[in-house]
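Below: the structure, in structure tokens.
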Amino acid sequence: MSTGMVDWDLAISLGSRIAGTGPVLSRADAAAVVAELHADADRSTGLVRDFTGLETAAGTAPVRVVDRAGWVAANADGFATVLAPVVDKLTAKKGPPTGLSLAIGSRVTGVEVGALLGFLAGKVLGQFDPFHPPAGRLLLVAPNVVHVERELGVDPHDFRLWVCLHEETHRVQFTATPWLSDHLLGEMHALAETLEPSGLLDDGLGRIVEVVKGEGSLIDAIGSPEQKEIVDRVTGVMSLLEGHADVVMDGVGPSVIPTVATIRTKFNQRRKGAGSLDRILRRLLGLDAKMAQYRDGAKFVRSVVDKAGMAEFNAVWERSENLPSKAEIADPRAWISRVL
């Protein structure tokens, strides 16, 4: 698999090695975890539908239970899709790489992408991939689920259903709102149009150091005003998606997961990150911002639902113009005034 500028095979190979395999399980125990995650994902569909009122066609966006290497390979496909417009623009501006520059450049970027995927592959419990044809797919990373439930010391069966509730909410969000994945991909294309081939390299190291020492993510340090405007729009959407999923988890959880309060308390503590290296990587990759998306997005959803009701809140899924901006996430009354 190659786009010319990224050695995807190298990225997958390196990412899989960095990710490792996770906890050791017998063949029978591993099969039982896979079966339970599939069953919990199926069960979650109805629970999410009944709580949110969102309808999704049966059989859309399949569920795949994967190991860490499987997650790396799946996300390499996703990265290739998202990066395609960037590659196209660089190729149009500078011409396709050839010879030594192609061989070296593609391997360098392959190493960079592989290292990123390898780090994330040990963290992610589940993920909805909206760009996988034809309608997306839900990935559940079995070894990470087992690792975290052991690390937290929580009931495994409750924790697995809890994870599936969150991720199934994302599947329902996208399959009930078919235009949403195209909207997000359009924003990625718009961001690609703003990129300059040498922009990051001019002062990359100094800016990265500033991020590590201070606040914000890498995009905050390198983004032009136009790029930041796009990122703000995407941040509003991602805050909505993550916050909505957290609200569903907390709304449905108490009726079907006996130990949900314990799981939530322990998991929130884990989200903060442990070691200093982990915190630095989170800041560089914008994962600290993702934690804020869970918190701020959930506040937005709860505020709108409390004031207007779930049926009225669901206007947010009708068309792209109804999506909240980053500013409206922080000011739900402004969204209510504009949309409702």
Side-chain angles (χ1 to χ4, degrees), residues 1 11-13 15-49 56-81 117-152 154-176 181 241-242 245-246 248-249 252-253 256-257 259-260 263 267 270:
M1 181 173 61
I12 293 171
S13 175
S16 298
R17 289 200 302 272
I18 292 174
T21 58
V24 177
L25 293 173
S26 69
R27 186 179 297 272
D29 287 342
V33 173
V34 171
E36 185 170 5
L37 288 172
H38 273 293
D40 285 344
D42 288 342
R43 181 185 179 191
S44 296
T45 303
L47 295 171
V48 173
R49 180 191 61 234
T56 181
T60 56
V63 177
R64 287 188 56 202
V65 180
V66 297
D67 58 13
R68 291 177 179 177
W71 184 88
V72 169
N75 275 267
D77 285 342
F79 268 39
T81 299
L117 291 175
F119 170 75
L120 294 176
K123 306 285 183 184
V124 176
L125 300 179
Q127 170 196 2
F128 185 77
D129 174 8
F131 305 127
H132 183 75
R137 59 183 170 179
L138 177 60
L139 306 174
L140 298 168
V141 190
N144 293 353
V145 173
V146 173
H147 171 75
V148 173
E149 69 193 22
R150 290 177 177 179
E151 179 184 64
L152 299 182
V154 295
D155 181 276
H157 306 296
D158 284 1
F159 184 72
R160 292 166 195 174
L161 179 56
W162 190 75
V163 170
C164 286
L165 273 173
H166 183 99
E167 302 307 335
E168 179 63 20
T169 301
H170 289 318
R171 193 187 76 84
V172 170
Q173 288 165 345
F174 279 93
T175 54
S181 59
L241 298 177
E242 297 296 355
D246 263 13
V248 172
M249 289 167 72
V252 175
V256 295
I257 303 173
T259 61
V260 66
I263 291 173
F267 195 77
R270 181 184 181 274

Taking the side chain as C-beta and beyond, is there a heavy-atom pair between Ile263 and Ile257 under 4.5 Å? yes
How long is the gap from CG on Leu241 to CZ on Phe128, to the nearest 0.5 Å? 10.5 Å
Does Phe267 reach the side chain of Val163, with side-chain heavy atoms less than 4.5 Å apart? no
Which pair of non-hydrogen atoms, one from Ala61 and one from Thr175, has the smallest distance, and what is that distance? CB-CG2, 3.6 Å
So which atom in Thr56 and which in Ala176 form the shortest heavy-atom distance, rounded to 0.1 Å? OG1-N, 4.2 Å
Over all heavy atoms of both residues, which pair between Ala76 and Ile12 is shortest? Give the atoms and the distance, please. CB-CG1, 3.6 Å
Rounded to the nearest 0.5 Å, what separates atom CG in Asp42 from atom SG in Cys164? 9.0 Å
Could you tell me the separation between the CZ atom of Arg43 and the CG atom of Leu165, rounded to the nearest 0.5 Å? 8.0 Å
Is Asp40 paired with Arg160 through a side-chain N to carboxylate O contact shorter than 4.0 Å? no
Ser16 side, atom OG; Asp67 side, atom CG - distance, nearest 0.5 Å: 8.0 Å
I want to check something: taking the side chain as every heavy atom from C-beta on, are Arg64 and Leu138 in contact at a cut-off of under 4.5 Å? no
Shortest non-hydrogen pair, Ala142 vs Val65, comes out as CB-CG1, 3.7 Å
Arg68 meets the salt bridge (charged side-chain N to carboxylate O under 4.0 Å, His left out) criterion, sequence neighbours left out, with none
Could you report the tightest heavy-atom contact between Trp71 and Leu139, atom names first, then the distance? CD1-CD1, 4.2 Å
Specify the closest pair of heavy atoms between Leu140 and Ala41, including all atoms of both residues, with the distance to one decimal. CD1-CB, 4.3 Å
Can any side-chain N or O of Asn144 pair as donor or acceptor with the backbone N or O of Leu125 at less than 3.5 Å? no
Please tell me if the side chains of Val256 and Leu47 come closer than 4.5 Å, counting only heavy atoms from C-beta onward. yes
May I ask you to check whether Gln173 and His170 show a side-chain donor-acceptor distance below 3.5 Å? yes
Please round to the nearest 0.5 Å and tell me the distance separating atom OG of Ser44 and atom CZ of Arg171. 10.0 Å
CG on Asp155 to CG on Leu161, rounded to 0.5 Å: 10.5 Å
Which pairs of donor and acceptor atoms, one on a side chain in residues 20-33, lie under 3.5 Å apart (sequence neighbours left out)?
{"from": "Ser26", "atom 1": "OG", "to": "Asp29", "atom 2": "N", "distance (Å)": "3.1"}
{"from": "Ser26", "atom 1": "OG", "to": "Asp29", "atom 2": "OD2", "distance (Å)": "3.2"}

Are Val63 and Arg137 close enough, and set up right, to give a side chain to side chain contact (heavy atoms under 4.5 Å, CB included), and what steps lead you there? CA-CA 6 Å; Val63 177; Arg137 59 183 170 179; over 6 Å; no
Determine whether the side chains of Thr45 and Arg49 contain a donor N or O and an acceptor N or O closer than 3.5 Å. no
